[in-house]
Engineer: 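The structure is given below, and queries will be raised subsequently.
All ligand and atom numbering here is 1-based and tracks the order in the structure.
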Amino acid sequence: MERSFKQEVESLKLGDGQIFHGEGILAVTKALLQSGVSYVGGYQGAPVSHMMDVLNDARDIMDELGIHIETNASEAGAAAMLGASINYPLRGAVTWKSTVGTNVASDALSNLASAGVIGGTLIVIGEDYGEGASIIQERSHAFAMKSQIWLFDPRPNLPTIVNLVEQGFNLSEASNTPVMLELRIRACHVHGSFMAKPNRAPQFSRKHVLENPDFDYARICLPPATYAQEKQKIEIRWPAAVKFIREHKLNETFSGAADDVGIITQGGMYNAVLRALQQLGLADVFGGCQIPIYVLNVTYPLIPDEVSQFCVGKRAVLIVEEGQPNYIEEATHAILRRADLQTRIHGKDVLPMAGEYTGEVVLTGLARFVQLAAPQGVDAADAQKAFESFLSAKRSAAELLGAPVPTRPPGFCVGCPERPVFSAMRLVEREVGRLHVSCDIGCHTFSTLPPFNIGNTVLGYGLGLASNAAVNPMFGRRTLTVMGDGGFWHNGLTSGVANAVFNRDDGILVIMKNGYTSATGIQAIPSSVEQSQTKSSDMGIEKALAGVGVKWVKSVYTYRVGEMVKTLKEALTTSYSGLKVIIADAECQLARQRRIRPRIARMLARGERVVRTKYGVDDEICTGDHSCIRLSGCPTLTIKPNPDPLRTDPVATVIDGCVGCGLCGEVAHAAILCPSFYRADVVQNPSPWDRVIDRLRRAVIGWFQTPAPWTR
Ligand code: SF4
Ligand code: SF4
């Protein structure tokens with residue numbers, strides 16, 4: 001995996017009164033252990049992939065407490081696992097990336113929320129929203145509302161996060177309803193400390209097992225039980241939740257002298273709000289603030305009495321609610337109308353409707369609010385001056401820069417095994433014309449960016465082949481689908497491959513078999529070569545394909561560009577009618593480098609012989625047309641000034657960082673480009689035989705390079 005938590009998990013053993021220092025996501029795990037959880041699971045995905053990594057690294061602790069840990073095949077599987085809490089007093093927690101994961105899980109979530117739970121259930125969702133996000137920009141809030149699942153959005157500090165995890169289980173049990181704990185990217189990685197409690201062994205666990213199965217038709221999601229469940233949600237569970245949230249003060253209010261105005265903020269936005277107020281001269285670094293703030297650590301359901309109580313006597317209130325639609329703002333309007341309060345609500349009029357609420361966005365919105373609302377005792381002109389000085393510093397920085405900083409789109413890693421496949425596709429397109437390629441989610445989605453621009457659509461994880469189902473029959477020529485091995489196991493095998501075989505589809509599927517779910521931090525999947533002792537190791541992609549009846553399967557080592565070109569052309573032209581699968585096989589380069597680098601370092605330290613392959617470009621031969629770069633896109637294959645004073649075009653060059661994957665040479669060969677690429681074996685700690693050969697080679701080359709006497 002990307003990161004090991006072997007050392008950090010030691011802090012999960014801390015006992016009563018000891019101080020835990022660390023990262024948000026680790027604090028959540030400690031809070032789960034303090035809550036007496038019986039089972040945990042999830043599907044990796046940023047920003048909560050580390051939670052699965054932590055859980056896996058903490059297996060010893062889990063085993064000691066009898067906690068079951070499951071690496072679920074998908075988010076749907078994780079959500080369905082929470083079914084254990086429907087009939088039994090088992091506390092369970094699962095995690096995934098939202099909203100994509102919540103989309104996948106929503107079937108099971110609807111059923112879970114309708115049936116209701118006896119044991120507390122907590123769903124830790126990584127809200128991947130904003131400029132660093134990799135997914136569609138939507139809000140998990142919508143799922144919480146539609147299925148009636150309570151939504152926590154904790155103020156990003158460790159004691160609050162830990163308290164909400166513990167209270168989440170209590171609330172879930174008090175209202176028989178699942179709870180979502182929404183963590184933004186910054187909350188996952190915020191550092192801090194809290195006073196630990198001892199870990200709690202669950203009442204029922206792998207060590208203390210259940211004995212009597214429970215059957216209650218009222219918990220089955222089938223009419224007429226579902227009608228009663230809906231009534232129960234509204235008449236019993238909702239009021240119970242509101243009572244619990246109010247009585248346990250899950251939301252927080254911070255007072256301020258300028259109490260004719262106020263701010264209502266999602267808990268997760270609190271730090272950004274406070275920092276913006278501090279920059280306007282209206283708050284200090286310790287949280288002291290001139291404007292009162294009502295912090296919604298629970299963003300669904302809202303507590304109407306609390307909202308109206310906060311607004312009483314206030315002329316204006318600003319709602320800081322990231323994303324759209326503006327559910328909280330609209331709901332606040334309704335609450336105030338019902339309470340007959342005339343407080344003016346600001347929100348999306350001063351803050352943007354869409355997009356991440358970065359520090360600058362929040363600062364701009366708050367500055368506007370202060371001007372509009374003119375809080376009593378606050379010098380609005382001073383606040384405006386502070387805002388202007390911030391803007392002018394930014395303007396001067398931009399002027400000094402001269403030009404905007406170029407955007408830096410993400411791309412494949414140096415030596416990535418997926419890059420050669422797209423080089424091969426480009427070469428095939430030179431002969432057959434542009435191809436329609438249905439893309440999938442994973443590192444290979446970078447193919448849609450320059451220099452390849454390959455991939456016409458992306459419809460969801462593992463859904464590449466399914467999204468090609470109506471495209472292929474509409475073209476006179478076969479179309480392609482690209483899917484990763486992570487997507488294949490997530491649902492591509494069933495929704496894509498089995499469906500295509502069943503419907504006798506004639507398309508082509510390229511499976512990127514790099515061995516891991518690389519894009520989420522290199523976690524193991526069923527077909528990973530190396531598995532821990534807790535996982536099965538005999539689940540190959542080839543076997544699964546054969547099992548669902550795929551007959552045409554070819555496996556190609558990705559770096560052999562010529563062979564990949566040949567196989568793609570064969571798949572495009574063969575008379576075989578039916579799904580054709582090409583397995584593009586080579587280990588994720590990032591994982592490979594992480595695996596081999598420490599081993600090489602140890603070998604070098606022991607004085608052992610190590611051979612490293614490097615590639616380079618001969619300046620004198622390179623014509624400077626850069627076809628190789630357009631067909632590769634490797635960041636370490638770049639340009640440098642032409643050493644020949646008579647030629648102005650820059651030449652291609654391979655810079656430090658080349659991992660010697662060989663793609664450059666392969667592309668040059670397969671595309672019949674210039675022969676300027678060379679391969680060099682760099683020998684460290686050479687053997688006596690290496691030295692003899694080296695001397696001999698130097699002598700022969702020297703002899704050839706010696707000018708003939710008649711040329712002197
Ligand atoms: S993580 Fe692995 S598969 Fe993904 S781009 Fe990097 S080398 Fe390629
Ligand atoms: S051999 Fe070429 S493609 Fe491979 S890492 Fe080196 S420069 Fe990049």
Engineer: Do the side chains of R184 and E127 get close enough for a salt bridge, i.e. N-O under 4.0 angstrom?
Structural biologist: no
Engineer: Determine, considering heavy atoms only, which of G662, P420, C661, G633 sits nearest to atom 4 (Fe) of ligand 2.
Structural biologist: C661
Engineer: Looking at R595 and E587, is there a salt bridge between them, counting it only when a charged N and a carboxylate O are closer than 4.0 Å?
Structural biologist: yes
Engineer: Going by an N to O cut-off under 4.0 Å, is there a salt bridge joining D585 and R560?
Structural biologist: no
Engineer: Mind checking the NE2-CG spacing from H436 to L480? Nearest 0.5 Å is all I need.
Structural biologist: 9.0 Å
Engineer: C634 heavy atoms, cut-off 4.0 Å: which ligand 2 atoms fall inside?
Structural biologist: 3 (S), 5 (S), 7 (S), 8 (Fe)
Engineer: Identify which protein N/O/S atoms are less than 2.8 Å from atom 2 (Fe) of ligand 1.
Structural biologist: C588 SG
Engineer: Closer than 4.0 Å to some heavy atom of Y615 - which atoms of ligand 2 meet that?
Structural biologist: 1 (S)
Engineer: Looking at V659, which atoms of ligand 2 are within less than 4.0 Å of one of its heavy atoms?
Structural biologist: 5 (S)
Engineer: At a threshold of 2.8 Å, where the distance has to be below it, does atom 6 (Fe) of ligand 2 have an N, O or S atom of C664 nearby?
Structural biologist: no
Engineer: Identify the two heavy atoms, one from G578 and one from D506, that lie closest to each other, and give their separation to 0.1 Å.
Structural biologist: N-OD1, 3.2 Å
Engineer: Would you find more than 12 non-hydrogen atoms of other residues, nucleotides or ligands less than 6.0 Å from R698 atom CZ?
Structural biologist: no
Engineer: For atom 7 (S) of ligand 2, grab the closest protein heavy atom and report residue, atom and distance to one decimal in Å.
Structural biologist: T636 OG1, 3.2 Å
Engineer: With atoms numbered from 1 as shown, which atoms in ligand 2 lie under 4.0 angstrom from a non-hydrogen atom of V414?
Structural biologist: 5 (S)
Engineer: With side chains defined as the heavy atoms from C-beta onward, is the minimum distance between F452 and V437 less than 4.5 Å?
Structural biologist: no
Engineer: Y461 vs H490 aromatic rings, parallel, tilted or perpendicular, using cut-offs 30° and 60°?
Structural biologist: tilted
Engineer: Just to confirm my output: which protein heavy-atom neighbour is closest to atom 6 (Fe) of ligand 2, and how far is it?
Structural biologist: C658 SG, 2.4 Å
Engineer: Under the salt bridge (charged side-chain N to carboxylate O under 4.0 Å, His left out) test against K554, which residue among E542, E570, E563 passes?
Structural biologist: E570
Engineer: Do NZ/NE/NH1/NH2 and the carboxylate oxygens of R186 and E356 come within less than 4.0 Å?
Structural biologist: yes
Engineer: Please list, in number order, the atoms of ligand 2 under 4.0 Å from a heavy atom of V654.
Structural biologist: 7 (S)
Engineer: Below 4.5 Å, heavy atoms only, C-beta onward: do C658 and V414 meet side chain to side chain?
Structural biologist: no
Engineer: Near L663, which atoms of ligand 2 are under 4.0 Å from a heavy atom of that residue?
Structural biologist: 3 (S)
